[in-house]
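Bear in mind that the values here come from a model prediction, so they are computed numbers and not experimental data.
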Amino acid sequence: MTTPGHLERTQVPMPELASGDAVVKIAGCGVCHTDLSYFYMGVPTIQEPPLSLGHEISGVVVGGAPAMIGKEVVVPAVIPCGECELCLSGRGNRCLSQRMPGYSMGIYGGFSSHIVVPAKYLCVVEGRGDIPLEHLSVVADAVTTPYQAALRARLQPGDRVIVIGAAGGVGSFMTQVAKGMGCAAVVGIDINAAKLQMMKSYGADFTINPRGVTPKDIKGLLNDYCKEQGLPSAHGWKIFEVTGTKAGQELALALLSFTGTLVVVGYGTEKTTYMLSRLMAFDAEIIGTWGCPPEKYPNVLKMCLDGRIALAPFVEERPMSEITHVFEQAHHGELSKRVILTPDF
């Protein structure tokens, strides 16, 4: 952005390479809701504009670390320092010195032709078959974030899961991650009827459209489904709130019950209220989650390559020169798939 509030094509200097850096020629960069939050909603970036946005990146290493030249890679959306107490304790995804393309790596982001990143954190892609490298860009946030959320929830085979926002850009992958990790029942909740129906083929065992119904009605539908399937319904649900909306968060809190777990995945700016003593009475948990540490990326990539997570039905490619139009469409809810922008300059 060289003019406030506008996206413009420009040329910026290549940064100097430090020891261990890699130059990645970008194949594709996904358009994330976070990008829209920066551009339209006033959410600040660490690097003040002008800067290049974009943090879901895949590409090919073309410079820097000799051992990496020619390798296809996914660039982690959250790059930790690797040395602080949080990193050393396994919580590098929340490293306080972390860097993120399109947010805190200077002016550099994924809506570009190239980007320079530390080579040691790159996720190398091998054996991708006929899956386009461009499609794997969304692994960097849309898929790894749900995986990290599942880890935070201590998701196990046989668990019962509710995904609120199950048909959205991240929710569709949250649904697939849960099923791919062996959950006995994955219930998808979303107001988009057509996309919710689609999710029945991609991990959702049962779906509910919450439009026009109360949380009590939804609990009744869950009870009926569990009775039909011979599953317990009153306790132990692991709920993933992916929408970041007040309505979604309030529904998630209403559904949280005995020994349940609520993981907050989606970002929103509105406040909600909740009587914390209910957590005590339910012996329940509410957990936050942020990004995904780079060392977990290979596990997620494997799920995409072996078919447990499908990418193609949920993404579409557009030329990067169409970024302004794509942003406008995304901002107004006019996109049915997650757009991956591919450099055409």
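Residue Thr261 holds its OG1 atom at 8.5 Å from CD1 of Ile239, rounded to the nearest 0.5 Å. How far SG of Cys29 is from CE of Met320: 5.5 Å, rounded to the nearest 0.5 Å. The line from OG of Ser112 to CD of Gln11 is 11.5 Å long, rounded to the nearest 0.5 Å.
Side-chain atoms of Thr144 come within 3.5 Å of backbone atoms of Val139 as a donor-acceptor pair (strictly under, hydrogens ignored). No donor-acceptor pair closer than 3.5 Å links the side chain of Asp190 to the backbone N or O of Leu196. Side-chain atoms of His332 come within 3.5 Å of backbone N or O of Glu328 as a donor-acceptor pair. Using modelled atom types, no side-chain atom of Asp159 and backbone atom of Cys183 make a donor-acceptor pair closer than 3.5 Å. Between the Arg152 side chain and the Val263 main chain, no donor and acceptor come within less than 3.5 Å of each other. When atom types are taken as modelled, the side chain of Lys219 and the backbone of Ala254 share a donor-acceptor pair closer than 3.5 angstrom. Panel note: side chain Arg160, backbone His235; a donor-acceptor pair is recorded below 3.5 Å. Between the side chain of Lys179 and the backbone N or O of Tyr202, no donor-acceptor pair lies under 3.5 Å. Looking only at distances, a side-chain donor or acceptor of Lys195 sits under 3.5 Å from a matching main-chain atom of Ala167. A donor-acceptor contact shorter than 3.5 Å is absent between the side chain of Glu72 and the backbone of Val124.
The aromatic rings of Phe258 and Phe282 sit perpendicular to each other, their planes meeting at more than 60°, with 30° as the lower class boundary.
Each of Val163, Ile164, Val242 was compared with Val265 under the side-chain contact (heavy atoms from CB on, under 4.5 Å) criterion, and only Val242 meets it.
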*Assess whether side-chain contact (heavy atoms from CB on, under 4.5 Å) is satisfied between Leu251 and Ile189, documenting all intermediate values.*
CA-CA 10 Å; Leu251 176 57; Ile189 298 179; 4.0 Å; yes

*So Arg94 and Trp290, side-chain contact (heavy atoms from CB on, under 4.5 Å) or not? Walk me through it.*
CA-CA 7 Å; Arg94 192 53 277 185; Trp290 173 265; 3.4 Å; yes

*Do Glu285 and Arg154 pass the salt bridge (Lys or Arg N to Asp or Glu O under 4.0 Å) test, and can you show the C-alpha distance, the side-chain angles, and the key distance before you say yes or no?*
CA-CA 12 Å; Glu285 298 177 85; Arg154 301 179 298 278; 2.6 Å; yes

_I'd like to know whether Glu241 forms a side-chain hydrogen bond (donor to acceptor under 3.5 Å, both in side chains) with Thr243, so could you lay out the CA-CA distance, the side-chain angles of the two residues, the decisive distance to 0.1 Å, and finally the verdict._
CA-CA 6 Å; Glu241 205 301 302; Thr243 70; 2.5 Å; yes

*Would Thr289 and Val264 satisfy side-chain contact (heavy atoms from CB on, under 4.5 Å), going step by step from the backbone distance to the final call?*
CA-CA 6 Å; Thr289 185; Val264 181; over 6 Å; no

*Check step by step if side-chain contact (heavy atoms from CB on, under 4.5 Å) holds for Met68 and Leu122.*
CA-CA 9 Å; Met68 294 293 292; Leu122 293 172; 3.9 Å; yes

*Quick one: do Asp283 and Thr259 satisfy side-chain hydrogen bond (donor to acceptor under 3.5 Å, both in side chains)? Show the steps, please.*
CA-CA 5 Å; Asp283 195 13; Thr259 66; over 6 Å; no

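Grouping the Ile, Leu, Val, Met, Phe, Trp and Tyr side chains by contacts below 4.5 angstrom, directly or via other members, places Leu262 apart from Val161. At a threshold of 4.5 Å between side-chain heavy atoms, the hydrophobic network of Ile, Leu, Val, Met, Phe, Trp and Tyr places Tyr225 and Met199 in two separate groups. When the side chains of ILVMFWY residues are joined at heavy-atom separations under 4.5 Å, either directly or via intervening members, Tyr267 and Phe240 end up in two distinct hydrophobic clusters. Leu221 and Val213 fall within a single hydrophobic cluster, where Ile, Leu, Val, Met, Phe, Trp and Tyr are joined by side-chain heavy atoms under 4.5 Å apart, directly or via other members. Cluster membership check: Trp237 shares its hydrophobic cluster with Leu253, using side-chain heavy-atom separations under 4.5 Å among Ile, Leu, Val, Met, Phe, Trp and Tyr.
Shortest non-hydrogen contact noted between Glu56 and Ala142 is OE2-N, 3.1 Å. Scanning both residues, Leu341 and Ile323, for their nearest heavy atoms gives CD1-CG1, 3.7 Å. Listed here is the closest heavy atom pair of Thr175 and Ala204: CG2-N, 3.7 Å. Considering all non-hydrogen atoms of both residues, Leu311 and His135 come closest at CD1-O, 3.8 Å. In terms of heavy atoms, Ala77 sits closest to Asp141 at CB-CB, 4.4 Å. Shortest non-hydrogen contact noted between Ser97 and Cys81 is CB-CB, 4.1 Å.
Other residues, nucleotides and ligands contribute more than 12 heavy atoms inside 6.0 Å of the CD atom of Glu334. In Ile191, the CD1 atom is not crowded: 12 or fewer heavy atoms of neighbouring residues, nucleotides or ligands sit closer than 6.0 Å. Atom NZ of Lys25 has 12 or fewer neighbouring heavy atoms from other residues, nucleotides or ligands inside a 6.0 Å radius.
Comment: Arg318 engages Glu316 in a salt bridge, judged by a side-chain N to carboxylate O separation of less than 4.0 angstrom. Salt-bridge check for Lys200 with Asp205: failed, with every basic side-chain N at 4.0 Å or more from each acidic carboxylate O. A salt bridge does not link Arg91 with Glu85: every distance from a Lys NZ or Arg NE/NH1/NH2 to an Asp or Glu carboxylate oxygen is 4.0 Å or more.
Looking at heavy atoms from C-beta onward, Val116 lies in side-chain contact with Pro15 at the 4.5 angstrom threshold. Within the 4.5 Å cutoff, the side chain of Met14 has heavy atoms near those of the Val23 side chain. Side chains of Cys226 and Pro232 form no contact here, defined as non-hydrogen atoms less than 4.5 Å apart. Taking 4.5 Å as the limit, every side-chain heavy atom of Val125 sits out of range of all side-chain heavy atoms of Val73. Put simply, the side chain of Asp35 reaches to within 4.5 Å of the side chain of Phe327, judged on heavy atoms. You'll find the side chain of Phe111 stays beyond 4.5 Å of the side chain of Arg9, heavy atoms only. Contact check for Ser137 versus Val74: no side-chain heavy atoms found under the 4.5 Å cut-off. Pro101 is listed as a side-chain neighbour of Ile57, based on a closest heavy-atom distance under 4.5 Å.
Ring pair Tyr297/Tyr121: centre-to-centre distance not below 6.0 Å.
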